[in-house]
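A, B, ... follow the sequence lines: proteins, then strands. Residue 1 opens every chain.
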2 protein chains.
Amino acid sequence: MTLADVAETAGVSAITVSRVINQPDKVSASMRDKVQKAIDKLGYIPNRSASALASARSGVLGVVIPSLSNAVFNDVLRGIYDVAGPAGYQVLLVDTHYSPMEEERMVRTLLSQAPEAMIITGGDQTQHTRKMLVKSGVPIVQVMETVESPIDMNVGFSHRQAGYDLVTRLLANGFDRIGFLGARMDPRAQQRMLGYKQAMDTAGRNYDGLIVTTPKPSSIAMGGELLRSVMSSSNGVCDALFACNDDLALGALFECQRMNISVPGDMAICGFNDIETAALVNPSLSSVHVPRYEMGVTATEMVLKVLAGNEVENKKIDIGYTIQMRQSTSTDIHW
Amino acid sequence: MTLADVAETAGVSAITVSRVINQPDKVSASMRDKVQKAIDKLGYIPNRSASALASARSGVLGVVIPSLSNAVFNDVLRGIYDVAGPAGYQVLLVDTHYSPMEEERMVRTLLSQAPEAMIITGGDQTQHTRKMLVKSGVPIVQVMETVESPIDMNVGFSHRQAGYDLVTRLLANGFDRIGFLGARMDPRAQQRMLGYKQAMDTAGRNYDGLIVTTPKPSSIAMGGELLRSVMSSSNGVCDALFACNDDLALGALFECQRMNISVPGDMAICGFNDIETAALVNPSLSSVHVPRYEMGVTATEMVLKVLAGNEVENKKIDIGYTIQMRQSTSTDIHW
DNA sequence: TTGTAAGCGTTATCAT
DNA sequence: ATGATAACGCTTACAA
């Protein structure tokens with residue numbers, strides 16, 4: 001079922017059919033009608049490969065994320081799909097499993113689809129990946145974190161600063177021995193930990209035995225495990241926790257409830273990302289709110305702007321974050 | 001940067017380069033070396049569109065899901081990616097936003113990429129969508145639910161039966177006035193509700209004022225709202241709830257906690273899907289466990305099998321479910 | 001407004 | 001084992 005078939009059925013030339021599909025304005029109404037009938041009759045569906053080859057426009061937006069299981073990327077993805085879809089772009093999504101080597105393979109795979117633009121997570125690509133990306137010449141946005149020297153464009157926020165601010169706030173609220181829980185320490189988690197350390201250092205606090213991390217994947221269950229770890233490594237002398245993400249924080253919270261450790265009375269807990277559960281669990285969980293959906297939307301709008309031939313004035317956008325203090329870090333006597 | 005460029009650089013013909021890439025065995029070692037060097041030197045990346053056009057093999061697996069925000073589909077997706085990726089297939093994912101009309105558009109879009117196989121959610125496609133799918137001639141698996149007359153293949157389970165079993169179990173445990181909470185009643189949610197009604201009917205129970213649903217999207221917050229609704233519509237005479245999914249169930253649970261309604265003492269609650277939080281929240285949440293990841297894996301293995309030219313003996317697979325009874329529906333006096 | 005011809009980058013087919 | 005040539009289905013450039 002090809003253009004030629006439709007053309008024959010309609011009694012016109014192939015190019016006319018092509019025009020009816022892609023530039024209807026350039027075709028007379030009568031032609032349009034005739035051709036459209038033939039299309040419907042035959043159930044013709046254009047072949048994008050042929051179209052891409054002939055026009056050098058693939059209509060593909062490549063997206064690289066480190067994990068499909070992490071709900072955080074879902075929100076970004078939604079933003080991307082919501083903008084890319086209506087604009088007529090197809091999203092080709094690949095998952096690197098947090099591995100720079102796999103990322104290299106995936107980027108090559110993606111590039112072989114001749115994407116017109118790419119959105120990629122973070123700034124820690126291998127040298128080779130960067131080279132491929134630059135060479136491709138397509139507009140690229142690195143998302144999720146602010147990047148010193150972006151390949152092209154960048155939308156994110158400083159995870160280090162967010163961690164620093166949060167811990168500083170906890171210290172100001174009178175928490176003394178603040179622990180850090182982390183799992184699967186990707187570059188952004190590392191930055192959050194760095195922020196934690198800087199805040200503790202600035203306040204002249206020692207964090208020996210207060211940091212517990214694991215290379216294993218993050219999960220709610222892991223949050224429970226890490227809580228038990230920090231209780232023992234700190235000899236129980238720990239009155240607050242900065243969990244690297246909300247899953248860990250929830251796991252720690254649930255585990256505290258089972259161990260009859262009062263939150264925030266005996267242990268304050270805060271997470272990162274502000275997933276929906278955070279605001280609704282009891283006690284509600286303090287967290288760092290990040291506009292993930294907006295990040296996806298913004299990144300996609302940026303590449304579309306470039307593709308439309310317009311200038312992007314600000315190639316580096318810090319989309320910020322807001323700290324949500326809730327019951328789990330309250331110092332109110334009633335808690 | 002094309003095959004021809006590489007060929008020239010290596011001093012061979014284009015087809016030889018193609019062979020080095022696709023069928024290295026058919027090329028002598030010396031040629032392979034020479035060509036590979038040229039490829040590396042030029043940083044050549046093959047053009048999939050041209051390849052797809054010439055070979056009539058796109059290497060694309062089309063996947064249709066109703067929502068990117070629903071974590072449930074994520075697990076299925078992971079299973080799909082984990083099998084499709086290593087097999088050399090690219091996943092092209094589209095989101096229908098639970099709309100059959102949008103699904104029709106999306107399927108057309110997908111088909112224009114000439115996917116070699118498709119995985120699509122559920123069995124409620126429009127007549128036209130079905131027609132397109134059948135006509136495409138590619139292997140197709142409908143996932144998430146058992147389908148009476150699959151377009152081609154099917155992997156799922158009976159949501160109606162699961163709902164029926166769960167409610168029957170609650171009745172057997174002595175719960176009397178069991179309510180139903182539902183949001184965004186997609187076909188599978190409808191089936192769960194039907195199962196609920198059948199179980200109630202079978203037990204001779206009346207469910208006036210006990211069913212509360214909304215067309216709005218499901219969320220944890222919505223679970224809280226629906227809980228308040230059912231409390232009022234049932235005049236407070238409701239001792240157990242079957243929430244259509246775990247988000248609603250968690251929302252109801254959290255809201256009960258805030259309203260000082262003891263769970264399960266005053267109100268038993270159970271959900272559906274068995275997301276990770278279910279087993280870890282306090283009290284732990286009863287739910288229906290569904291092997292989502294396995295569903296994605298199985299579906300993908302089925303299409304790969306067909307693509308490899310093998311027979312699939314069982315085209316309809318009921319992957320089952322297991323009911324997880326936990327603290328939230330316990331009748332133990334200690335709760 | 002419509003059509004003709006050439007070519008996009010790759011692979012199938014058929015030689016050598 | 002390697003290569004020449006002709007597709008694949010569409011769009012660009014140019015003509016009518």
Side-chain angles (χ1 to χ4, degrees), chain A residues 1-39 42-60 88 90 108-109 111-116 135-137, chain B residues 1-36 38-39 42-60 88 90 108-109 111-116 136-137:
Chain A
M1 190 57 39
T2 72
L3 260 196
D5 297 326
V6 178
E8 190 178 357
T9 304
V12 302
S13 75
I15 187 65
T16 300
V17 179
S18 171
R19 290 205 184 96
V20 168
I21 295 170
N22 301 308
Q23 326 170 46
D25 305 340
K26 304 208 158 185
V27 178
S28 69
S30 63
M31 271 283 163
R32 253 198 318 258
D33 248 43
K34 202 160 51 169
V35 171
Q36 192 56 56
K37 278 206 183 80
I39 289 177
L42 298 179
Y44 168 69
I45 295 180
N47 180 326
R48 295 279 281 204
S49 292
S51 168
L53 186 57
S55 68
R57 299 197 63 249
S58 65
V60 165
Q90 304 240 18
R108 187 192 313 283
T109 301
L111 286 178
S112 79
Q113 298 281 3
E116 296 183 37
K135 186 169 177 187
S136 76
Chain B
M1 190 57 38
T2 73
L3 261 195
D5 296 327
V6 177
E8 190 178 355
T9 303
V12 301
S13 74
I15 187 68
T16 299
V17 179
S18 171
R19 287 203 186 99
V20 169
I21 294 170
N22 301 307
Q23 326 169 43
D25 304 341
K26 304 207 159 186
V27 179
S28 69
S30 63
M31 271 283 162
R32 251 196 321 255
D33 248 43
K34 200 160 54 171
V35 171
Q36 192 56 56
I39 290 177
L42 299 178
Y44 168 70
I45 295 181
N47 180 326
R48 295 280 279 204
S49 292
S51 170
L53 185 58
S55 69
R57 299 198 62 247
S58 65
V60 165
Q90 304 240 17
R108 187 192 313 282
T109 301
L111 287 177
S112 77
Q113 298 281 4
E116 294 182 39
S136 76

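The one candidate from Val12(A), Asn22(A), Thr2(A) that meets the side chain to side chain contact (heavy atoms under 4.5 Å, CB included) condition with Val17(A) is Val12(A).
Summarising the geometry, atom CZ belonging to Arg19(B) is positioned 10.5 Å from atom CE belonging to Met31(B); distances are rounded to the nearest 0.5 Å. Once rounded to the nearest 0.5 Å, the distance linking CE of Met1(B) with OG1 of Thr9(B) reads 7.5 Å. Going from atom OG of Ser18(B) over to atom CD of Gln23(B) covers 7.0 Å, rounded to the nearest 0.5 Å.
Atom-to-atom, CG of Asp5(B) to P of dC8(C) comes out at 11 Å; the value is rounded to the nearest Å.
OP1 or OP2 of dT2(C) has at least one side-chain nitrogen or oxygen of Ser28(A) nearer than 4.0 Å.
Side-chain atoms of Gln90(A) never come within 3.5 Å of backbone atoms of Val60(A) as a donor-acceptor pair (strictly under, hydrogens ignored). A donor-acceptor contact shorter than 3.5 Å links the side chain of Ser58(A) to the backbone of Ala114(A). In this structure, Arg48(A) contributes its side chain and Ser112(B) its backbone to no donor-acceptor pair below 3.5 Å.
Helix bend of the helix from dT1(C)-dA16(D) to dT16(C)-dA1(D): the angle between its two end axes, each built from five pairs, comes to 30° after rounding to 10°.
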**OP:** Quick one, give me the B/S/- string for nucleotides 8-16 of chain D, reading 5' to 3', where B means a protein heavy atom under 4.0 Å from the base and S means that only happens at the primed atoms, P, OP1 or OP2.
**Re:** BBBBB----
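Shown here are the salt bridge (Lys or Arg N to Asp or Glu O under 4.0 Å) partners of Asp33(A), two or more places apart in sequence or in another chain: Lys37(A).
The Thr16(B) side chain lies nearest to dT2(D) when the options are dT2(D), dT1(C), dG3(C).
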